[in-house]
Amino acid sequence: MAVPVNEKRNVSQSEDQLEKVYVWQLPVRIFHWIAAFSILILIITGLYIATPFFSPTVHTDATSNEMGWVRNVHIFTAFIFTLNFIFRIYWFFAGNQYSRSKPFTKEFWLGTLETIKYYLLMKNKKKHYIGHNPLAELSYWIFFVIGSIIAIFTGFFLLFEPQPHTWLAAQFAWVPYIFGGDSFGVRSLHNLVTWSFVIFSIVHIYMAFRDDWLSKNGAISSMFTGYKIEKKQEDKDDN
Amino acid sequence: MRPEKTIYESAIERGVSRRDFLKVCTALAATLGLDYSQSGKVVQAMETNKRIPVIWLQLMDCTGCSESFIRSSHPRTENVLFDMISLEYHELLSAAAGHQIEENRERIMEQYKGEYILVVEGNVTDDEFLTVAGHSALESLKETAKHAKAVLAYGSCSAFGGLAAAKPNPTNAKAVSDVVRGVPIINVPGCPPIAEVMTGVIAHVITFGRLPELDRQGRPKAFYKLRIHDKCNRRAYFDAGLFVESFDDEGAKVGYCLYKVGCAGPTTYNACAEMRWNGGVSYPIQSGNPCIGCSEKNFWDEGPFFTRRAKIPGTQTTINPEKVGLYATGATAAGIAGHAALTAMKKKKDEKANSEKNSSQEG
Ligand code: SF4
């Protein structure tokens with residue numbers, strides 16, 4: 001496996017002071033890339049469903065099935081996304097320490113504060129985290145976990161809305177009472193959540209590249225290989 | 001006309017043949033969504049049930065619901081008015097007026113306690129804004145509703161508050177269900193509701209002697225189960241991805257889907273697409289106008305009508321989600337660019353400071 005060793009590494013950190021740490025287990029990596037690609041597909045198809053931005057070139061009868069096809073792709077991908085999400089909930093408990101997050105601790109929130117200072121380029125006491133820093137975890141809780149929950153439930157409500165008498169529709173009949181109020185509200189929420197995923201993805205990708213670039217820890221390649229490069233002894237400050 | 005006669009008797013008396021009577025019953029069964037084999041039930045009910053006294057209150061309204069009501073074709077309005085119900089009080093349709101009709105209302109309320117049906121058209125306001133025959137509307141509504149068998153809230157105003165309740169709602173207009181308690185209320189929203197739905201609901205109550213099955217918003221399931229979009233005649237164009245872009249383009253002429261010009265069909269529960277209007281002639285979407293969602297709660301505040309919008313949950317503010325989303329994305333990208341630049345600058349500075357430190361240590 002290719003572990004990038006950067007030549008430009010500071011001379012004072014000689015190679016033997018570094019080690020490979022196995023951070024992202026294979027299931028986490030698979031989960032990550034399934035989520036990434038399904039989010040990409042869901043965003044594109046979802047935006048098309050909300051505002052159809054292209055039409056069939058042959059403007060004749062309603063013989064094509066373009067919107068129908070896009071909707072099918074969207075729905076199929078949504079099922080994959082949902083299963084993947086459920087799997088991640090399982091792996092939260094089954095995986096290694098890096099697949100977990102403890103948002104109900106004081107440490108988490110203090111860490112978040114210091115990390116925010118760090119990203120504001122201020123003086124800070126941010127610790128070095130081998131997995132995610134608490135701010136990153138917080139962003140996953142908000143944008144990925146809560147965002148996905150909203151997207152999944154509103155989405156399944158919309159999917160079964162035309163068959164109100166079926167068992168499946170009955171399972172999601174409560175959705176408007178929690179998400180959005182009425183049919184229009186649910187639809188709007190589903191549409192708006194799309195954009196939160198767009199913004200989250202952009203920031204997430206930027207942060208990953210930035211981290212890789214600043215601390216030369218192979219953050220990008222770690223999502224393929226599972227390994228990050230870390231200094232051997234405990235470090236207090238990576239800024 | 002006193003309501004003692006059965007529906008069948010009064011029809012025969014008016015010169016309706018038995019054959020025509022059966023035809024009406026069959027059509028009625030179809031309107032109610034019953035199976036053909038069940039039309040016998042309707043016939044039996046019409047032969048044995050007495051005409052039901054109805055008091056029709058018009059509160060803060062535009063009389064549009066009454067206008068729609070008198071255009072019913074299955075069952076015909078005449079059949080409903082002369083055979084099924086005995087309309088005892090209606091500002092527009094009653095022959096009597098003034099003290100005479102007010103007395104009649106009170107007499108019915110007493111004589112048919114718990115048997116008459118109260119129809120409400122229009123919404124309820126604070127006392128000072130509406131007075132009918134010397135009583136505040138709120139007062140007479142409460143008084144009349146108290147002993148009614150059921151209240152039929154016809155129209156979006158009486159069901160949900162309606163246009164008069166649009167922000168900032170200066171008259172404090174409310175739905176009937178906000179002020180009437182302890183009496184079953186059937187909401188029949190729409191601005192106005194479809195005539196056949198209005199008469200159909202009454203017919204259901206008469207035929208079966210009980211209220212139709214209601215959904216969580218108090219609407220009869222038989223008519224408000226599905227969205228317009230689920231039965232729309234332009235749905236094939238939607239699935240094909242063929243959309244009207246503006247009202248004067250080629251697609252509008254051909255009859256493409258009106259999704260992109262703001263059609264509210266995908267979020268509107270009503271029976272327009274299958275029952276249509278004016279005896280099944282057409283309905284707004286068929287005639288080329290996007291659905292404005294007039295039977296949905298708060299439709300009056302969730303405009304504009306001719307663009308696709310999303311509402312911010314918990315509010316009645318609508319935005320163009322794609323525009324706002326793109327702006328937000330743009331702002332994020334700009335923020336990232338700025339942050340990256342600052343990071344690079346800081347990194348350089350730190351490296352310089354570091355190397356200086358190192359060289360001073362070495363030197
Ligand atoms: S015209 Fe409206 S209701 Fe009909 S298919 Fe298009 S979006 Fe749906």
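Labels below follow one simple rule: chain letters A, B, ... track the order of the sequence lines, proteins then strands, and each chain is numbered from 1.
Only the side chain of Thr318(B) comes within contact range of chain A, with at least one heavy atom under 4.5 Å from a heavy atom of that chain. Only the side chain of Arg235(B) comes within contact range of chain A, with at least one heavy atom under 4.5 Å from a heavy atom of that chain. Contact annotation for Leu214(A): both backbone and side-chain heavy atoms come within less than 4.5 Å of a heavy atom of chain B. For a residue to count as touching a neighbouring chain, one of its non-hydrogen atoms must lie under 4.5 Å from one of that chain's; by this rule Ile202(A) touches chain B with backbone and side chain alike. Contacts of Ala333(B) with chain A are absent, with no heavy-atom separation under 4.5 Å from either backbone or side chain. With a 4.5 Å cut-off on non-hydrogen atoms, Phe184(A) touches chain B through its backbone and its side chain both. Contacts of Tyr177(A) with chain B are made by side-chain atoms alone, with heavy-atom separations under 4.5 Å and no backbone atom involved. With a threshold of 4.5 angstrom between heavy atoms, Tyr119(A) approaches chain B through its backbone and through its side chain. Residue Ile319(B) touches chain A through its side chain alone, counting heavy-atom pairs closer than 4.5 Å. Both the backbone and the side chain of Thr329(B) come within less than 4.5 Å of a heavy atom of chain A. Both the backbone and the side chain of Asn65(A) have a heavy atom closer than 4.5 Å to some heavy atom of chain B. Contacts between Ala331(B) and chain A at a heavy-atom distance below 4.5 Å are absent for every atom of the residue. Residue Phe299(B) does not touch chain A at all, counting heavy-atom pairs closer than 4.5 Å. For His339(B), the parts lying near chain A are the backbone and the side chain together; criterion is any non-hydrogen pair under 4.5 Å. With a threshold of 4.5 angstrom between heavy atoms, Leu226(B) approaches chain A through side-chain atoms but not through N, CA, C or O. Of the atoms belonging to Lys311(B), heavy atoms from both backbone and side chain fall under 4.5 Å from chain A. Residue Val203(A) touches chain B through both its backbone and its side chain, counting heavy-atom pairs closer than 4.5 Å. At a 4.5 Å heavy-atom cutoff, the contact between Lys225(B) and chain A is made by backbone and side-chain atoms alike.
Pairing each heavy atom of Pro266(B) with each of Ser183(A), the nearest pair is O-OG, 4.0 Å. Closest approach of Arg227(B) and Gly265(B) over heavy atoms only: CB-O, 3.7 Å. Closest non-hydrogen pair, Tyr259(B) versus Arg308(B), comes out as O-NH1, 2.9 Å.
Between Tyr224(B) and Tyr269(B), the gap from one ring centroid to the other reaches at least 6.0 Å. A ring-centre distance under 6.0 Å is not found for Phe37(A) and Phe81(A). Between Phe54(A) and Tyr48(A), a ring centre-to-centre spacing shorter than 6.0 Å is recorded. Remark: aromatic rings of His190(A) and Phe179(A) are distant, center separation not under 6.0 Å. For an aromatic pair to be called close, the ring centres must be under 6.0 Å apart, and Phe144(A) with His204(A) fails this.
A salt bridge is absent between Glu351(B) and Lys348(B); no separation between the charged side-chain nitrogens and carboxylate oxygens falls under 4.0 Å.
In this structure, Arg210(A) satisfies the cation-pi test against Tyr118(A), with its NZ or CZ atom closer than 6.0 Å to the six-membered ring centre and inside 45 degrees of the ring normal.
For the options Pro52(A), Gly181(A), Gly180(A), heavy-atom pairs under 4.5 Å to chain B are most numerous at Pro52(A). Note on Ala240(B), Gly293(B), Cys257(B): by heavy-atom pairs under 4.5 Å with chain A, the leading option is Ala240(B). Of all the listed residues (Ile312(B), Asn298(B), Leu342(B), Asp215(B)), the one sharing the greatest number of non-hydrogen pairs under 4.5 Å with chain A is Leu342(B). Of the listed residues (Lys297(B), Arg309(B), Glu302(B)), the greatest number of heavy-atom pairs within a distance under 4.5 Å of chain A belongs to Glu302(B).
Among the candidates Phe157(A), Phe172(A), Phe153(A), the single residue satisfying the side-chain contact (heavy atoms from CB on, under 4.5 Å) test with Val186(A) is Phe157(A).
With rounding to the nearest 0.5 angstrom, the OG1 atom of Thr115(A) is 11.5 Å from the CH2 atom of Trp109(A).
Within the 4.5 Å cutoff, side-chain heavy atoms of Phe108(A) are placed close to those of Thr112(A).
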